2 protein chains.
Amino acid sequence: MAEHGSGEGTVAKALAVMDEIAGFGRPVRFAELLDRSPYPKATLYRFVQVLTKQGMLHFDPDRQTYAPGLRLVRLAHAAWQTSALAPIARPHVDALSEAAGETVHLAQLDGAQVLYVDKRNARHPIEMYSAAGKVGPAYCTGVGKAMIAFLPEEELARVIAQQSFHRFTDHTYTTEAALRVELQAIRARGYAYDREEHEPGIICIAHPILTRAGRVLGAMSVTSSTARTTLEALEDHLPRIRAAAEAIAAEAQDWRFPAAAE
Amino acid sequence: MAEHGSGEGTVAKALAVMDEIAGFGRPVRFAELLDRSPYPKATLYRFVQVLTKQGMLHFDPDRQTYAPGLRLVRLAHAAWQTSALAPIARPHVDALSEAAGETVHLAQLDGAQVLYVDKRNARHPIEMYSAAGKVGPAYCTGVGKAMIAFLPEEELARVIAQQSFHRFTDHTYTTEAALRVELQAIRARGYAYDREEHEPGIICIAHPILTRAGRVLGAMSVTSSTARTTLEALEDHLPRIRAAAEAIAAEAQDWRFPAAAE
DNA sequence: AACCAAGTTTCAAATAATGAAACTGAACAT
DNA sequence: ATGTTCAGTTTCATTATTTGAAACTTGGTT
């Protein structure tokens with residue numbers, strides 16, 4: 001009856017193992033995993049076996065290492081395509097980066113983190129998965145703040161509770177109170193700035209993407225560096241960003257999937 | 001003791017549900033899923049609940065639909081990055097498409113299917129997830145044939161047994177016997193052609209990526225259309241393709257992950 | 001108000017997950 | 001050769017999770 005701490009479902013545990021492996025950022029040996037894992041050898045072993053047989057992990061027999069598997073890439077493809085935001089936003093992201101001549105990010109909120117779902121880079125035409133799939137902190141990025149500012153209070157509280165408030169730069173807001181003041185300003189203004197809060201020299205202007213009902217779908221930002229421009233200059237792009245964000249919201253809202261064709 | 005047919009592990013079942021949902025290619029309602037699912041209502045319900053809580057599925061409360069979730073995108077990012085092939089191959093894929101002025105595909109074998117892990121398009125600079133993550137048949141694509149031709153017999157037999165041999169075009173090989181002859185020719189030649197076997201008007205030349213020991217890592221192709229060129233003309237790119245494939249193989253082979261930096 | 005369909009909860013029985021310990025086998029040292 | 005260590009694998013009685021029929025709730029429809 002009473003929660004005993006060990007009852008969170010087999011699926012959840014298996015996925016935690018996936019996260020662990022993905023977190024390494026490189027192929028790992030079983031023993032390395034075991035060190036970090038709360039599970040006994042036999043249990044972890046079986047998880048890894050099952051996940052490998054399922055294609056969620058790939059085992060390299062030469063090096064005896066495990067890495068996230070191809071089935072994930074297949075599933076993620078479906079996730080991206082099916083998402084109500086990313087495919088719709090794509091042409092707008094393209095157009096915006098073209099017009100602004102700067103890097104454009106499209107992000108969604110994934111729990112308490114920011115997940116970049118698309119990116120268009122100004123110089124190099126684009127960066128692939130390296131961009132899509134990356135996560136970042138919500139409390140000190142333009143897109144992060146633009147999204148959480150418009151969350152209902154209950155959810156916002158949950159998200160804030162999970163922020164690390166690590167001081168990345170001198171400009172990082174490192175307390176809930178300071179962040180709350182900033183979020184209030186963002187709500188009043190309608191969009192967010194990143195004043196080198198996450199990375200020195202990197203600034204951006206970020207706009208939320210909201211449904212008519214005010215639900216947060218994502219955010220979009222135009223990013224540059226202090227070496228190239230200023231926040232004031234970036235603000236020139238505001239009308240475009242706002243227009244793009246609103247267009248995306250409208251399309252995402254009205255959108256129904258076409259009846260499955262072939 | 002005896003296999004009872006119903007014992008394949010909870011994790012496997014949950015992943016089957018994921019596949020089912022991903023297969024729809026659009027957000028689905030619970031009832032739709034239930035129709036196609038072998039599980040009773042309560043069981044499927046719990047799976048969907050758990051997967052949603054885990055972020056593997058996303059539930060749209062407005063439309064009451066489920067779709068693959070953001071956690072997948074995060075995990076797939078790790079899969080792509082960690083893969084011993086894709087990140088290494090990227091610059092080579094870039095260079096090859098630049099030099100050839102044609103579309104370049106990078107693929108791996110995922111079970112009996114071809115999974116495209118990267119793509120560079122001649123005209124538009126690139127296509128995102130829409131390309132990476134896509135799957136195709138192994139028996140009638142250039143990259144597919146280039147890979148399976150170099151599989152050890154035992155594995156090849158298993159893969160061939162899983163091919164549909166659907167006739168996509170007049171040129172599709174539709175029997176195992178015919179395919180076996182073609183694979184023999186590919187082994188002799190060292191690379192593969194696609195003579196409009198999958199899509200009318202689409203031709204390509206595909207080269208396997210093999211370790212020194214002969215293990216299949218993937219394949220790479222230069223693709224064009226009969227409207228623009230001929231197979232003979234495409235063959236001019238062979239030296240480049242071969243060089244790229246060999247360079248990738250060499251790098252992938254020697255590659256150790258850098259000691260985890262920050 | 002009665003009906004229906006979609007979604008949610010319950011609970012005893014059936015099944016699968018658990019993990020300590022024993023085992024295997026390779027790599028290396030003696 | 002022989003022993004030692006360590007990484008990886010298997011076993012099996014115990015434990016706790018999953019299962020699914022059925023009952024229930026909810027919201028929309030006739």
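As the structure is a prediction and not an experimental result, all values here were calculated from the model. Order of the sequence lines fixes the chain letters, A, B, ..., with proteins taken first and strands second; residue numbering starts at 1 for each chain.
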What is the distance, to the nearest angstrom, from the [atom1] atom on [X] to the [atom2] atom on [N]?
X: L33(A); N: dG8(D); atom1: CG; atom2: P; value: 10 Å
X: Q49(B); N: dT17(D); atom1: CD; atom2: P; value: 18 Å
X: L51(A); N: dA17(C); atom1: CG; atom2: P; value: 12 Å
X: D35(A); N: dC6(D); atom1: CG; atom2: P; value: 13 Å
X: R63(B); N: dG7(C); atom1: CZ; atom2: P; value: 16 Å
X: L34(A); N: dT9(D); atom1: CG; atom2: P; value: 12 Å
X: Y66(B); N: dA6(C); atom1: OH; atom2: P; value: 14 Å
X: L44(A); N: dG8(D); atom1: CG; atom2: P; value: 11 Å

Passing candidate, side-chain contact (heavy atoms from CB on, under 4.5 Å) with L106(A), options L115(A), V143(A), L85(A):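 The passing option is L85(A).
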Side-chain donor-acceptor pair present, R46(A), Q49(A), cut-off under 3.5 Å: no
Ignoring hydrogens and angles, tell me if any N or O in the side chain of [X] forms a donor-acceptor pair with the backbone of [Y] under 3.5 Å.
X: Y39(A); Y: Y45(A); answer: no
X: Q64(A); Y: R29(A); answer: no
X: R187(A); Y: A149(A); answer: yes
X: Q163(A); Y: A112(A); answer: yes

Members of residues 14-23 of chain A that approach DNA chain C, where some heavy atom sits under 4.0 Å away: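 Nothing qualifies; none.
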Which pairs, protein N/O on one side and nucleotides 18-26 of chain D N/O on the other, fall under 3.5 Å?
from, atom 1, to, atom 2, distance (Å)
dT18(D), OP1, T10(A), N, 2.9
dT18(D), OP1, T10(A), OG1, 3.2
dT19(D), OP1, K13(B), NZ, 3.0
dG20(D), OP2, T43(B), OG1, 3.3
dG20(D), N7, R46(B), NH2, 2.8

Residue-phosphate contact under 4.0 Å: Y45(A) side-chain N/O, dT9(D) OP1/OP2: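 Yes.
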Sugar-phosphate, base or nothing in reach of Q64(A), heavy atoms under 4.0 Å: sugar-phosphate
Results of ring-ring contact (aromatic ring centres under 6.0 Å, His included) for H207(A) - residues two or more places apart only: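 Once residues adjacent in sequence are excluded, H207(A) has no partner under the ring-ring contact (aromatic ring centres under 6.0 Å, His included) criterion.
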Lys/Arg N to Asp/Glu carboxylate O, R180(A) vs E153(A), below 4.0 Å: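 Result for this pair is yes, salt bridge flagged.
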Spacing of T10(B) atom OG1 and F47(B) atom CZ [to the nearest 0.5 Å]: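 Rounded to the nearest 0.5 Å, the OG1-CZ separation comes to 6.0 Å.
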